[in-house]
Q: 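Below you'll find the structure I mean.
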Amino acid sequence: MTREVRHEATTPAVFDESDLADDGKLFICQCGLSSERPLCDGSHRATEDETEDVVYRYDADGEGRRIVEAIELSEE
Ligand code: FES
């Protein structure tokens with residue numbers, strides 16, 4: 001599967017001890033859906049039923065998704 005998620009952040013994230021989970025670990029979002037990016041907020045659960053070879057586009061608020069033909073890149 002492929003997933004298109006839009007990001008608007010333009011600056012680096014800074015972490016401190018308050019970002020650590022109870023077990024002392026830091027969970028970084030890799031699905032792109034977290035509203036706490038770059039930290040995981042559990043939103044990755046929405047991807048659990050994604051299917052191989054399908055392209056998904058998620059709404060900016062992470063509340064919905066659509067299946068799209070492909071992610072098109074503009075030519076430079
Ligand atoms: S990995 Fe993205 S919200 Fe958890």
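Computation of the quantities below employed the complete heavy-atom set of this structure, encompassing side-chain atoms and omitting hydrogens, waters and symmetry-equivalent molecules. Numbering of ligands and ligand atoms starts at 1, following listing order. On a predicted model such as this, the values are computed, not experimentally measured, just so you know.
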Q: Identify the two heavy atoms, one from D19 and one from V14, that lie closest to each other, and give their separation to 0.1 Å.
A: OD2-O, 4.0 Å
Q: With no hydrogens and no angle check, is any side-chain donor or acceptor of S34 less than 3.5 Å from a backbone partner on C29?
A: no
Q: Same hydrophobic cluster for V68 and L33, using side-chain heavy-atom links shorter than 4.5 Å among ILVMFWY?
A: no
Q: Name all residues meeting the side chain to side chain donor-acceptor pair (under 3.5 Å) criterion together with E50; count only those two or more places apart in sequence or in a different chain, and write none if there are none.
A: R3, Y58
Q: Report the residues that fulfil side chain to side chain donor-acceptor pair (under 3.5 Å) with D53, sequence neighbours left out, ordered by chain and then residue number.
A: none
Q: Not counting sequence neighbours, list each pair that qualifies as a side-chain hydrogen bond (donor to acceptor under 3.5 Å, both in side chains) and has a residue in residues 8-18.
A: D16-S18
Q: For atom 2 (Fe) of ligand 1, report each protein N, O or S atom nearer than 2.8 Å, sorted by chain and then by residue number.
A: C29 SG, C31 SG
